[in-house]
Peer 1: 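First, the structure itself, so that you have it in front of you.
Numbers restart at 1 for each chain; the letters A, B, ... are given by sequence-line order, proteins then strands.
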Number of protein chains: 2
Amino acid sequence: METTAVSLATSNIRESTPSLDIYRQLFDSILEQRLAPNTKLNEQDLAIVFGVSRTLIRQALQRLAAEQVVVMQKNRGAFVAAPDSVLAKQILEARELIEMAVIDLACGSLTSQTVQQLQLMIDMEQQALDFGDTGTALRRSGEFHLRLAEAAGNQPYVHMLRGLISQTSLIITMYGQGGNSCARDEHLNLLRALQQGDLASSRRLMSHHLGHVRTGCDFNRRVVNGNLATLLS
Amino acid sequence: METTAVSLATSNIRESTPSLDIYRQLFDSILEQRLAPNTKLNEQDLAIVFGVSRTLIRQALQRLAAEQVVVMQKNRGAFVAAPDSVLAKQILEARELIEMAVIDLACGSLTSQTVQQLQLMIDMEQQALDFGDTGTALRRSGEFHLRLAEAAGNQPYVHMLRGLISQTSLIITMYGQGGNSCARDEHLNLLRALQQGDLASSRRLMSHHLGHVRTGCDFNRRVVNGNLATLLS
DNA sequence: TGTTATAACATTGTATACAATATTGTATTT
DNA sequence: AAATACAATATTGTATACAATGTTATAACA
């Protein structure tokens with residue numbers, strides 16, 4: 001509750017272990033769209049990139065798989081997840097459920113310090129957008145939502161939402177058509193409504209906000225595959 | 001959707017790998033209360049018990065940790081999770097949220113085959129209860145709920161609920177005071193209401209059902225620790 | 001007796017070696 | 001040229017060895 005958010009990945013875990021660091025970097029790389037869906041994650045290559053043995057790489061990949069951000073196929077390896085349109089809609093539905101519950105808990109109960117933090121995160125997101133760095137903006141948008149869930153104070157909500165947010169990023173990468181960046185005002189308005197304890201408005205704003213994600217997607221779009229090279233840049 | 005449930009753990013994953021099997025056995029052992037909260041899970045001991053190297057044990061433990069069923073402490077090892085009363089209440093709250101959403105999806109849309117399966121699972125639970133095997137009954141109760149979520153057809157709900165159900169089992173182990181076995185009729189009545197498409201009744205029955213879990217708990221109870229020996233019996 | 005320092009031990013953390021499986025390329029056949 | 005069989009290669013799966021850390025027992029001291 002005290003420090004500013006570092007990474008969406010296990011943001012409430014302060015511990016630092018080598019495999020956790022690798023996990024976080026891969027996680028962020030996927031969220032920032034530097035690793036495309038379906039990208040094969042070769043263990044040996046990653047081991048070289050990160051300068052560790054395959055043991056630690058495998059730990060990180062297994063953690064990512066547990067969050068459904070990567071998929072592991074027996075004897076074939078790990079791939080960045082690529083939810084199909086059916087699953088994508090289910091993910092967005094589930095996310096709305098959790099986010100609404102978060103709103104109910106957070107509305108009117110945010111400390112001024114928390115509001116300040118959330119305000120800052122909105123600014124950071126906008127800053128990334130100004131730089132034209134949509135990947136970072138997307139990640140920071142997710143961090144805003146997650147920080148809000150932390151403020152709501154229900155740990156399982158945070159845990160579940162973390163997975164859903166990261167999968168939402170994958171969905172936007174796969175099916176998004178740009179124009180998902182109306183977020184600044186939406187986040188800002190939401191924060192105001194929450195601060196004022198206006199539950200009806202808060203719920204409506206969050207619902208619209210998530211609705212825009214869905215609206216901004218073309219679920220017929222065909223998906224392109226990526227490769228590991230982007231990690232080296 | 002076609003086969004009968006095997007284990008609450010990764011019930012939708014058909015693959016069989018050594019570490020998955022170990023994971024499932026540990027998972028069920030915890031759910032059936034044969035491994036008490038806070039029990040230290042020594043890697044070497046488990047490796048001997050399961051006749052494999054520590055490598056596979058670690059994989060299983062990490063998977064369990066991802067589902068919050070065990071907790072891993074750096075350089076100290078893995079322990080069966082022991083949610084405190086605050087977290088326990090949050091878990092039950094989150095579970096109610098998801099279960100209600102499942103009800104909304106499943107109500108009136110269950111196939112006769114699914115109803116049959118659920119009916120069977122209720123019977124199996126009762127059978128375990130008749131044998132006095134409350135551990136198995138508890139696990140089967142969880143399987144009933146999870147099977148229902150599968151029938152609802154939203155994959156993230158299933159995934160999230162799996163974690164919440166297993167944690168509920170831990171909560172019952174820690175804070176339950178017996179008397180949690182009114183489940184048979186409750187499951188039965190719920191199934192009838194769902195079958196008939198009676199949403200209001202379905203929601204009310206589920207809410208009461210989960211409420212009983214909470215009612216049956218004394219959150220002031222002090223918790224006893226266990227040890228690995230129970231796995232050998 | 002109680003406390004601290006230290007050594008012996010046990011356990012987890014990581015790298016590496018080898019086995020099992022999958023993938024790719026080449027040759028052979030039609 | 002297309003398809004198949006098979007060898008060569010690459011990749012993942014598992015066990016083991018060693019390093020790093022934590023725990024416990026012992027001994028010295030107050």
Side-chain angles (χ1 to χ4, degrees), chain A residues 9-10 13-26 35-36 38-66 68-82 225-232, chain B residues 9-10 13-26 35-36 38-66 68-82 225-232:
Chain A
T10 62
I13 298 174
R14 260 62 176 164
E15 266 181 291
S16 168
T17 71
S19 89
L20 250 183
D21 292 344
I22 294 166
Y23 158 80
R24 272 191 266 254
Q25 288 193 51
L26 288 175
L35 281 176
N38 280 320
T39 302
K40 171 76 188 288
L41 298 172
N42 181 292
E43 297 180 358
Q44 186 61 53
D45 292 350
L46 289 172
I48 292 171
V49 168
F50 287 101
V52 297
S53 75
R54 275 176 54 219
T55 306
L56 298 184
I57 299 298
R58 284 176 72 85
Q59 285 185 21
L61 291 176
Q62 281 163 0
R63 199 182 291 250
L64 290 164
Q68 326 253 73
V69 175
V70 317
V71 172
M72 301 196 76
Q73 292 178 38
K74 185 174 172 176
N75 287 320
R76 292 205 55 236
F79 303 81
V80 177
N225 292 21
N227 61 62
L228 256 183
T230 50
L231 248 198
L232 303 168
Chain B
T10 63
I13 297 174
R14 260 57 178 166
E15 266 181 291
S16 167
T17 72
S19 88
L20 249 183
D21 292 343
I22 295 166
Y23 157 80
R24 272 190 266 255
Q25 289 191 52
L26 287 175
L35 281 177
N38 281 319
T39 302
K40 169 78 188 286
L41 299 172
N42 181 292
E43 296 181 359
Q44 185 61 53
D45 292 351
L46 290 171
I48 292 171
V49 168
F50 287 101
V52 297
S53 75
R54 274 175 54 217
T55 306
L56 299 184
I57 299 298
R58 285 176 72 84
Q59 284 185 22
L61 291 177
Q62 279 162 1
R63 200 181 291 251
L64 289 164
Q68 327 252 77
V69 175
V70 316
V71 172
M72 300 195 77
Q73 292 180 37
K74 186 174 172 177
N75 287 319
R76 292 206 54 236
F79 302 81
V80 178
N225 292 21
N227 61 63
L228 255 182
T230 51
L231 248 198
L232 303 169

Peer 1: Name all residues meeting the side chain to side chain contact (heavy atoms under 4.5 Å, CB included) criterion together with Asp21(A); count only those two or more places apart in sequence or in a different chain, and write none if there are none.
Peer 2: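 If we apply the side chain to side chain contact (heavy atoms under 4.5 Å, CB included) test to Asp21(A), skipping adjacent residues, the hits are Ser16(A), Arg24(A).
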
Peer 1: What is the distance, to the nearest angstrom, from the CG atom on Leu20(A) to the C1' atom on dG13(C)?
Peer 2: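 Computing the Leu20(A):CG to dG13(C):C1' distance gives 13 Å.
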
Peer 1: Quick one: is Arg76(A) getting a side-chain N or O under 4.0 Å of the dT11(D) phosphate, OP1 or OP2?
Peer 2: no

Peer 1: Rounded to the nearest Å, what distance is computed from the CG atom of residue Asn42(A) to the P atom of nucleotide dT9(D)?
Peer 2: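 It works out to 18 Å between those atoms.
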
Peer 1: Sequence neighbours left out, what passes side-chain hydrogen bond (donor to acceptor under 3.5 Å, both in side chains) with Thr17(A)? Give chain and number order.
Peer 2: none

Peer 1: Could you work out, with side-chain hydrogen bond (donor to acceptor under 3.5 Å, both in side chains) as the rule, every residue matching Gln62(A), not counting sequence neighbours?
Peer 2: none

Peer 1: Using a 4.0 Å heavy-atom cut-off, write out nucleotides 14-19 of chain C from 5' to 3' as B (base contacted by protein), S (sugar-phosphate only) or - (no contact).
Peer 2: BBB---

Peer 1: Measure from CD on Gln73(B) to C1' on dT23(D) and round the result to the nearest Å.
Peer 2: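 Interatomic distance, CD of Gln73(B) to C1' of dT23(D): 14 Å.
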
Peer 1: Report all interatomic pairs (protein N or O, nucleotide N or O of nucleotides 5-9 of chain C) with separations under 3.5 Å.
Peer 2:
none

Peer 1: Using whole Å, report how far NZ of Lys74(A) lies from P of dA22(C).
Peer 2: 8 Å

Peer 1: Can you work out whether Asn75(A) or Met72(B) has the more 5'-proximal nearest nucleotide on DNA chain C?
Peer 2: Met72(B)

Peer 1: Donor-acceptor pairs are to be reported for all side-chain atoms of residues 46-58 of chain A against protein atoms at under 3.5 Å, with residues two or more places apart or in another chain.
Peer 2:
residue, atom, partner, partner atom, Å
Ser53(A), OG, Thr55(A), N, 3.3
Ser53(A), OG, Thr55(A), OG1, 3.4
Arg54(A), NE, Glu43(A), OE1, 3.0
Arg54(A), NH2, Glu43(A), OE1, 3.1
Arg58(A), NH1, Glu43(A), OE1, 3.3
Arg58(A), NH1, Glu43(A), OE2, 2.8

